[in-house]
Amino acid sequence: MRSWKLGGPVASAVLAGALLIGPAARAVPLSFAPTPPMGWNSWNHFAAKVDDATVRAQADAMVASGMRDAGYRYINIDDTWEGTRDAQGVIHPNAKFPDMKALADYVHSKGLKLGIYSSPGPKTCAGYEGSFGHEAQDAQTYAAWGVDYLKYDLCSLSEPMIAAGSLAKAQAIELAAYRKMDAALRATGRPIVYSLCQYGFSQVWRWGGSVGGNLWRTTGDITDKFPRMLQIGLSQAGLAKYARPGNWNDPDMLEVGNGGMSAIEYRTHLSLWALLAAPLLAGNDLSTMSAETKAILTNREVIAIDQDPAGRQGDRVKAEGALEVWARPLAGGGRAVGLFNLSDQPAELEVAFTAVGLKGAVKTRDVWAAKDLGRLSRYKTQIPAHGVVLLRLGA
Ligand code: GLA
């Protein structure tokens, strides 16, 4: 028998906080994600083929590859882990996951955290059991297992929303559902990062934080194809002001290493995500990845841009045809700047640093080349087709 009793100092602090602060406390999630969450998620590579052994192997590989030491923490099980509910309504994993608590203990023993997945609707996107009507119970179950992260995917809740007949009523259903799980997670007293997944409908970036979300998907699903990755990444222009420590725009998980793009294209993918202050959730098989994939995913300087402590998302500075410049303000007054050549031919691109808000000559570093370029006030360079030159300027 599991015990659902609340207890301990964390629970008391949460309860006290709720009494003192009241409903406004929703905007400050119990699990504060000061920088965009980093980790791995099963969906992009394994989809329904994820099981206990796979998850353990990913945790092992996250440590062995140096990814943990580079900042990756969450091992997230996506859809298809769910089994049935017992007579009391308690959810159990299916046969692929014989003992979720033991799996969480294993992941924790590696210095990592475990994430899980559900839906506010009765069914998940893959047709498994969702949390509708069992929110408090499921949150308690996750907490008892030792879960540290929940991706809550709209899926079948869209049916009653559509049936509601008006946008206002649909949104009321959606907001209530996301708030309900937020309250349920808080009531456990366990810090659980709350990831909203509703594909960027109804400008979720305007309200995701107010329903307790630490991050919210801003787009439909990514695929391992350069045009789709780009479409998703570039669609983030204009969303910078909605991101801040604790509340992140999420343009979906990484495809780096899944085989559908070249190394140049994967560097473009990771550079854009770092400029966007996006969560970095690797979506490949960490246990078989190549040295090249590992080098891309663990590049410390790119990760440092993504995880910059100021927590300010970057944005597009200019676009001329397939040549784009994106910049992100960094703590200490510097900038990360991406010079993107999205065309099918090599191209030359020049940027004056005044265009990214910097005056005079500043320390300039080519991040992927790991090369200091001296003090410059502008930079002109050749960029391969589908490639990027990522610069770190100033601080
Ligand atoms: C949706 C989500 C994906 C994944 C699948 C699982 O499509 O957007 O990220 O979680 O559901 O079924």
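When a residue number appears, it is its place in the shown sequence, counting from 1.
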Can you list every pair that meets side-chain hydrogen bond (donor to acceptor under 3.5 Å, both in side chains) and has a residue in residues 275-289, with sequence neighbours left out? Q58-D285, D285-S287, D285-T288
Looking at [atom1] of [X] and [atom2] of [Y], how far apart are the two atoms once the value is rounded to the nearest 0.5 Å?
| X | Y | atom1 | atom2 | result |
| --- | --- | --- | --- | --- |
| I296 | L270 | CD1 | CG | 8.0 Å |
| R179 | S210 | CZ | OG | 5.0 Å |
| E82 | T124 | CD | OG1 | 5.0 Å |
| L342 | L323 | CG | CG | 7.5 Å |
| F340 | E324 | CZ | CD | 8.0 Å |

Is the side chain of [X] donor-acceptor paired with the backbone N or O of [Y] at a distance under 3.5 Å, no angle test?
| X | Y | value |
| --- | --- | --- |
| D224 | G259 | yes |
| S119 | L154 | yes |
| D366 | K371 | no |
| R85 | H134 | no |
| R335 | V356 | yes |

Taking atom types as modelled, is there a side-chain donor on [X] or [Y] under 3.5 Å from an acceptor on the other?
| X | Y | answer |
| --- | --- | --- |
| N249 | W216 | yes |
| H386 | N341 | no |
| D153 | Y117 | yes |
| D138 | T141 | no |

Parallel, tilted or perpendicular for [X] and [Y], by the 30°/60° rule?
| X | Y | value |
| --- | --- | --- |
| W205 | Y242 | tilted |
| F201 | Y199 | perpendicular |
| Y194 | Y152 | tilted |
| Y178 | W207 | tilted |

Salt-bridge present (E129, K123; N to O < 4.0 Å): yes
Please report the shortest heavy-atom distance between [X] and [Y], naming the atom on each side.
| X | Y | value |
| --- | --- | --- |
| A240 | G314 | CB-O, 3.8 Å |
| E265 | M229 | O-CE, 4.0 Å |
| A336 | L275 | O-CD2, 3.5 Å |
| F97 | V50 | CE1-O, 3.7 Å |

Is the number of heavy atoms from other residues, nucleotides or ligands within 6.0 Å of CZ (F132) greater than 12? no
For R312, is the CZ atom crowded, meaning more than 12 foreign heavy atoms sit under 6.0 Å from it? no
Within the structure provided, determine whether L297 and Y266 are in side-chain contact (heavy-atom separation under 4.5 Å). no
Hey, are the side chains of L114 and Y106 touching, using non-hydrogen atoms and a 4.5 Å cut-off? no
